[in-house]
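Reading through the structure tokens given below for one structure.
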Amino acid sequence: MKSYQPSRSPCPIGRAARVLGDRWVILIMREVYLGAERFEDFIEPLGINRSALTSRLKMMQEAGLLMREPPEGKRACYVLTERAKALSPVLKEMAIWGETELFADGEKRKQWP
């Protein structure tokens, strides 16, 4: 299982990369921004297996990006923390860059909120 180990890098980008460098983390955050809350909400849109999703959700909680409400038990909701919400402008810029630089004309795009 993947777990969060804070970076000790003196570089702010290095520390951010430790948290955000796993592609699933950014994609899970995208899905939460788009309205996903429960475990099952992530499976189909991401095409992620249950084990990988469980691992990433736990790691994101440890990194302070998500809160699980309620913390224990079934049917929990995953909610972005203020730390994760602060990344919204960064993710929006990534979406803009990806849309303008990585798609051909007419190619289907998933919209960012």
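Residue indices begin at 1 and follow the sequence shown.
- Remark: the backbone N or O of Ile28 is not paired with any side-chain donor or acceptor of Arg56 at under 3.5 angstrom.
- Of all heavy-atom pairs spanning Ala76 and Pro70, the tightest one is CB-O, 3.7 Å.
- The main-chain N or O of Ala104 is found under 3.5 Å from a side-chain atom of Glu107 such that the two form a donor-acceptor pair.
- Tested against Met60, the residues Asp22, Val25, Val19, Val32 include a single side chain to side chain contact (heavy atoms under 4.5 Å, CB included) partner, Val25.
- Listed for the Gln61 side chain is no donor-acceptor partner under 3.5 Å among the backbone atoms of Leu66.
- Residues Arg109 and Phe103 share a closest heavy-atom pair of NH2-CB, 3.4 Å.
- The stretch residues 15-37 participates, sequence neighbours left out, in these ring pair (Phe, Tyr, Trp, His ring centres under 6.0 Å) pairs: Tyr33-Trp112.
- Of all non-hydrogen atoms in Ser7 and Gly14, the two that sit nearest each other are OG-O, 4.1 Å.
- More than 12 non-hydrogen atoms from other residues, nucleotides or ligands lie less than 6.0 angstrom from CG of Leu102.
- Residues Cys77 and Arg38 meet the side-chain proximity criterion, which asks for heavy atoms closer than 4.5 Å.
- The hydrophobic cluster containing Leu20 also contains Met59, counting ILVMFWY residues as joined when their side-chain heavy atoms lie under 4.5 angstrom apart, directly or transitively.
- Within the structure, every pair that satisfies the salt bridge (charged side-chain N to carboxylate O under 4.0 Å, His left out) test and touches residues 73-83, not counting sequence neighbours, is listed here: Glu82-Lys85.
- Every residue two or more places apart in sequence or in another chain was checked for a salt bridge (Lys or Arg N to Asp or Glu O under 4.0 Å) with Glu93, and none qualifies.
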(Q) Under the criterion side chain to side chain contact (heavy atoms under 4.5 Å, CB included), I'd like the reasoning laid out for Ile48 against Leu27: C-alpha separation, chi angles, the key distance, then a yes or no. (A) CA-CA 10 Å; Ile48 188 172; Leu27 295 175; over 6 Å; no
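- A continuous path of hydrophobic side-chain contacts links Leu87 to Ile26 [ILVMFWY only; heavy atoms under 4.5 Å].
- Here the side chains of Arg50 and Glu40 are in contact, with some heavy-atom distance below 4.5 Å.
- Leu91 has its side chain out of reach of Arg30: every pair of non-hydrogen atoms, C-beta onward, lies at least 4.5 Å apart.
- A side-chain donor-acceptor contact under 3.5 Å links Thr81 to the backbone of Gly64.
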Q: Could you give me the CA-CA distance, side-chain angles and deciding distance for Tyr78 and Asp41, then say whether side chain to side chain contact (heavy atoms under 4.5 Å, CB included) is met?
A: CA-CA 10 Å; Tyr78 292 92; Asp41 296 341; over 6 Å; no
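- Side-chain N or O atoms of Arg68 include one that pairs as donor or acceptor with a backbone N or O of Pro71 at under 3.5 Å.
- No single ILVMFWY cluster, assembled from side-chain heavy atoms under 4.5 Å apart, contains both Leu34 and Leu53.
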